[in-house]
Visitor: 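Please read through the structure below; I'll follow up with questions.
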Amino acid sequence: MNPLLYGSNNEERIVAVSQYGDRTMRVFFREEDTIRSTDHNFFPFFLVSDSSVLRDFGVKTWVKELDGENYFRYLCAFSSWNEMWDAIRLMIERTPQENSGKIETYADLPFLQLRTDAVSQFLLQSGRTLFKGMEFSELHRLQLDIETYTSPGSRFSNANRPGDRIIIIALSDNRGWSYCIDGKSKREDEMLRELVRIICEKDPDIIEGHNIYNFDLPYLLTRCEMFGIDFAVGRDGTSPRVFDSRMSFAERYVKYSAHEIPGRHIIDTWLLVQSYDTQKRSLESYGLKYAAKYFGFAKEDRIYIQPERISWYWDHEPDLLLRYALDDVEETRLLSEHLSQSSFYLTQMLPYNYGAVARMGSAAKIESLLMREYVRQRHSVPKPERGAQTSGGYADIFYTGVLQPIVDVDVESLYPSIMLEEKIAPSREPLGVFSATLGELTRMRLAAKRSMKAATSEGERSQIDALQSSFKILINSYYGYLGYNRALFNDMAAADRVTRTGQQILRQLITAIGESAGTVVEVDTDGIYFVPPPSVQSEEDEERFVERIAKILPKGITLAIAGRFQKMLSYKTKNYALLGYDNRIRIKGSSLTSRSIEKFGRNFLLQGIECLLNNNIDGLHSLYVNLHRDISDHALTAADFARTETLKESIESYLTSVKSGERNRTASYEVAIAAELEWKPGDRVSYYFTGSDAGIKAFENCKLIDAWTADSPDENVHYYLRRLDEFTRKFEPFFQPSDFRKIFSLEDLFGFSAEGIHVLRQHVAQKELNEEEDEADLSRPDPKIWLEENL
DNA sequence: AGCTGTGGCAGGGAGG
DNA sequence: CCTCCCTGCCAC
């Protein structure tokens, strides 16, 4: 049976499994020797927090009390697979709710715990919960947003402070209905009761909100508790279950309070926006208003009210605030429509419900596919392998400067293709589910892409696109799963084989392009930017050229043109700018564009790069002179020179690691502590530097951005002029030293002449393939650089 | 109660 | 000055 389609017919489908009431059921893996010998390590067994759960079901169990740190009190194991299977079936019949959880090993116990919602790892839930065979448009989605009153003098709203309260509850759905519960005509307890009534009557499948986990739901629950109201919005009449959770987005993670409403699913567009941004990296903030504008969902006549002015508007212009709140829920609906569809379609393939899938990382998704099949075939599963990958993608730069024209070629789905062609899979995965599902997902994605071409309406297109992108997300995670040190089926050596093969393929392509008289400028993992040979003129020529190069590739690996550009400014590895044929400039890399770079610096770099790409040396000079003057004259505002950084640690863990000398004090944390901000890891803080000389200690001379006033500007001019110098130095590789000094000097505008100044193109010596620890190499001061003719 | 990976650049603190 | 180490941010 196709593991991806498991449970897609009614015979195979198993209804939701979980604990009942406050009785919790957990799944454990037990060391093989206790039950049955096998070539693998673990069998699944149950752990229950209350053994009477199983006794109630008449299951014969072996119960042992644990002591010490383990917070579960009882263990139960089964003497045979059939007994366990019977127990699962019984539970299924008797327990209608859902669960959630995770995996953890206990070093001192022969158990591997699946703290995850016991059985959702193993078994499919009801068709309605997994939305098998349904379309996104069939869901009933309700959007919710609350506005709160903040007592004077406070910076943040707080559900526990006297005077703070809910003033508006804005609601809408995807069937054209919208409504405001208005605190002018109702008491707050009446508002809350009305909300519970409306949710139960409307009976939506999904409840959506922007930052609903961390703000709206906790606030609502706190207020309900104060009024003694049961927030019973579950389909079974129960109130939400709350637990702390965290979601990781590439290098950072955010904490949030997950809520589960029985029978419904919660979608937090704040999390979805961040998840989207880990791939695109183009959002400046994750706020609703910014995100709605970014995606083009903001109406022209949309009302904007600064968060700190909400209470004022409530007192003076409540009607405007009502419109504002309705605009919020509408934007939430549109955002969610755009960002949650792929999770919806993924749900149909995974043994998790929609709300869980939207919160889950990709490794957990892959593992659930594997686990489901292993349990179905009643096969034991391995323990995670310790260790780490040793290799990654190949990245290199061959030229700096302005080059043209540019073709960008990508090896399509490099790592997945390698895994399929070279048959790379976890070594401890005898059932072959890894390769089978990867192959099947790839096949389904190609089929979806083909049918997209035949789609007639825009709605159909976007639906198929969501489907194929949900395949893509999973497919691209298979490689990451191999190297994940907590994955049950991980295989570090296999992960290394994948990346090494990828590196080889890239090097082959680089050689082939060079031998065909193309000029490779920059490469990274699976893509190459190069200048085609002079004989290649038209777009068709380029296509033929790429086709010819692609002939050297192994079977199953395909090359495609990912983009064509007028010019490229190549700066450093993973740092470059592109000038498209649409005259748009795209800047890549943390040293040229980064959210932690001050706004004035980002603008300076952007405009400077624009000048370089257009060979406008005069413009570059005046850009520098003007900015230098503005900084000196205090003509910038706090928004221009503020630095915004993410606080990745909690205050406790920051202070602990500073105390133990593990890390140094940092301005961002110090400023947050000094201002008594209450932050969660993942929150961002904006600050600026004060003091009167450039050699300040940053963490001792910083203030929150709010502390700055135009009347008494106390930003450290010397520091920011030094920053400007740091930004200009990024242009150093593009000019002769004397030209560089001329351009970035305060010489009078009319005295400056760009004559004779050219943008340099330099060849950068390629990194050694095998870094041999050889004396000669170490003594060499710098990579060899050849100066070449400018363009 | 949860978490996919490596490679690369920049900036700051601390100590030589 | 310089180097080391760390964190943050980004490309893929």
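Here the structure is a predicted model, which means the values were calculated and not measured. Numbers restart at 1 for each chain; the letters A, B, ... are given by sequence-line order, proteins then strands.
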Visitor: How close or far is atom C1' of C:dC12 from atom CD1 of A:Ile397, stated in whole angstroms?
Guide: 16 Å
Visitor: Taking only side-chain nitrogens and oxygens of A:Lys572, does any of them come within less than 4.0 Å of OP1 or OP2 of B:dA10?
Guide: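 Yes, because at least one side-chain N or O of A:Lys572 sits under 4.0 Å from OP1 or OP2 of B:dA10.
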Visitor: Indicate whether OP1 or OP2 belonging to B:dG8 is found under 4.0 Å from a side-chain N or O atom of A:Tyr576.
Guide: no
Visitor: Among C:dG8, C:dC9, B:dC3, find the nucleotide with the atom closest to the side chain of A:Ala364.
Guide: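 The answer is B:dC3.
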Visitor: At under 4.0 Å, does any side-chain N or O of A:Arg684 touch on OP1 or OP2 of C:dC9?
Guide: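 Yes.
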Visitor: Give one of base, sugar-phosphate or nothing for A:Gly480, where a contact means two heavy atoms less than 4.0 Å apart.
Guide: base
Visitor: On the ring face of A:Tyr394, is A:Arg507 found with NZ or CZ under 6.0 Å from the centre and within 45° of the axis?
Guide: yes
Visitor: Under the side-chain contact (heavy atoms from CB on, under 4.5 Å) test against A:Leu482, which residue among A:Phe434, A:Phe489, A:Tyr415 passes?
Guide: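 Result: among A:Phe434, A:Phe489, A:Tyr415, A:Phe434 is the only option passing the side-chain contact (heavy atoms from CB on, under 4.5 Å) with A:Leu482.
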Visitor: Could you check how far CG of A:Leu647 sits from P of C:dC6, rounded to whole Å?
Guide: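 Those two atoms, CG and P, are 20 Å apart.
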Visitor: Name the nucleic acid region contacted by A:Ser477, choosing base, sugar-phosphate or nothing; use a 4.0 angstrom heavy-atom cut-off, strictly under.
Guide: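 Here A:Ser477 touches no strand at all.
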Visitor: Rounded to whole angstroms, how far apart are CG on A:Asp524 and C1' on B:dT6?
Guide: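 Rounded to whole Å, this separation is 10 Å.
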Visitor: Any base atoms under 4.0 Å from A:Tyr481, or only sugar-phosphate, or nothing? Heavy atoms, all strands.
Guide: nothing
Visitor: With a 4.0 Å cut-off on heavy atoms, is A:Thr593 in touch with a base, just the backbone sugar-phosphate, or nothing at all?
Guide: sugar-phosphate
Visitor: Should the side chain of A:Thr666 and the base of B:dG13 be counted as holding a donor-acceptor pair, with the cut-off at 3.5 Å?
Guide: no
Visitor: Looking only at side-chain N and O atoms, does A:Thr646 come under 4.0 Å of OP1 or OP2 in C:dC9?
Guide: yes
Visitor: With rounding to whole Å, what would you report as the distance between C:dC12 and B:dC3 at their P atoms?
Guide: 26 Å
Visitor: Return the value, rounded to whole Å, for the distance between atom CZ of A:Arg602 and atom P of B:dC9.
Guide: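 The answer, rounded to whole Å, is 21 Å.
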Visitor: Between B:dG11 and A:Arg729, is there an OP1 or OP2 to side-chain N/O distance shorter than 4.0 Å?
Guide: no
Visitor: So does A:Tyr669 get a side-chain nitrogen or oxygen closer than 4.0 Å to the phosphate oxygens (OP1/OP2) of C:dG8?
Guide: yes
Visitor: Among the nucleotides C:dC9, B:dG12, B:dG8, which one has an atom lying closest to any side-chain atom of A:Lys648?
Guide: C:dC9
Visitor: Measure from the side chain of A:Gln389, starting at C-beta and using heavy atoms only, and say which of C:dA11, C:dC10, B:dG5 lies closest.
Guide: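 The closest nucleotide is B:dG5.
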Visitor: In whole Å, I'd like the distance from the CG atom of A:Asn490 to the P atom of B:dT4.
Guide: 13 Å
Visitor: Counting neighbours of NZ on A:Lys730 that are heavy atoms of other residues, nucleotides or ligands and sit closer than 6.0 Å, is the number greater than 12?
Guide: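 More than 12 within 6.0 Å, yes.
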Visitor: If you check every side-chain atom of A:Lys730, which of C:dC9, B:dG12, B:dG11 has the closest atom?
Guide: B:dG11
Visitor: Does A:Asn716 reach the main-chain N or O of A:Thr690 with its side chain, forming a donor-acceptor pair under 3.5 Å?
Guide: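 Looks like yes, one N/O pair under 3.5 Å.
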Visitor: How would you label the contact of A:Arg723 with the nucleic acid (heavy atoms, under 4.0 Å): base, sugar-phosphate, or nothing?
Guide: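 Sugar-phosphate: the residue A:Arg723, judged by heavy atoms under 4.0 Å, touches backbone atoms but no base.
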Visitor: With heavy atoms under 4.0 Å as the rule, sort A:Met247 into base, sugar-phosphate or nothing.
Guide: nothing
Visitor: State, without any angle test, whether A:Glu645 and A:Tyr687 hold a side-chain donor-acceptor pair at a distance under 3.5 Å.
Guide: yes
Visitor: Determine: side-chain N/O of A:Tyr719 to OP1/OP2 of B:dG12, distance under 4.0 Å, yes or no.
Guide: yes
Visitor: Heavy atoms from C-beta onward define the side chain here; which of C:dT7, C:dC9, C:dC12 lies closest to that of A:Thr525?
Guide: C:dC12
Visitor: Is the phosphate of B:dG11, meaning OP1 or OP2, less than 4.0 Å from a side-chain N or O of A:Arg722?
Guide: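 So the side-chain polar atoms of A:Arg722 never come under 4.0 Å of the phosphate oxygens OP1 or OP2 of B:dG11.
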Visitor: Measure from the side chain of A:Lys588, starting at C-beta and using heavy atoms only, and say which of B:dG8, C:dC12, B:dG5 lies closest.
Guide: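 Looking only at heavy atoms from C-beta outward on A:Lys588, the closest nucleotide is C:dC12.
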Visitor: Hey, does the side chain of A:Tyr571 come within less than 4.0 Å of B:dA10's phosphate (OP1/OP2), counting only N and O?
Guide: yes
Visitor: Within less than 4.0 Å of OP1 or OP2 of C:dC10, is there a side-chain N or O belonging to A:Arg595?
Guide: yes
Visitor: Looking at every strand, decide which applies to A:Ser391 at a 4.0 Å heavy-atom threshold: base, sugar-phosphate, or nothing.
Guide: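 Sugar-phosphate contact only - A:Ser391 comes under 4.0 Å of backbone atoms but never of a base.
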Visitor: What's the closest nucleotide to the A:Ser591 side chain, out of B:dA10, B:dT4, C:dC12?
Guide: B:dA10
Visitor: Show, in sequence, the C-alpha distance, side-chain angles and deciding distance for A:Arg665 and A:Glu700, and conclude whether the salt bridge (charged side-chain N to carboxylate O under 4.0 Å, His left out) test is met.
Guide: CA-CA 9 Å; A:Arg665 291 191 178 274; A:Glu700 289 168 347; over 6 Å; no
Visitor: Just checking, any donor-acceptor pair under 3.5 angstrom between side chains of A:Thr644 and A:Arg684?
Guide: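 No, no side-chain donor-acceptor pair sits under 3.5 Å.
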Visitor: Using whole Å, report how far OH of A:Tyr415 lies from C1' of B:dG5.
Guide: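 So the OH-C1' distance, A:Tyr415 to B:dG5, works out to 9 Å.
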Visitor: Find the distance A:Ile597:CD1 to C:dC10:C1' and express it as a whole number of Å.
Guide: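 Interatomic distance, CD1 of A:Ile597 to C1' of C:dC10: 10 Å.
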Visitor: Give the rounded distance in Å between these two atoms: CG of A:Leu474 and P of B:dT4.
Guide: 12 Å
Visitor: Can any side-chain N or O of A:Arg643 pair as donor or acceptor with the backbone N or O of A:Ala667 at less than 3.5 Å?
Guide: no
Visitor: Would you indicate which nucleotide in C:dC9, C:dC12, B:dG13 comes nearest to any side-chain atom of A:Ser596?
Guide: C:dC9
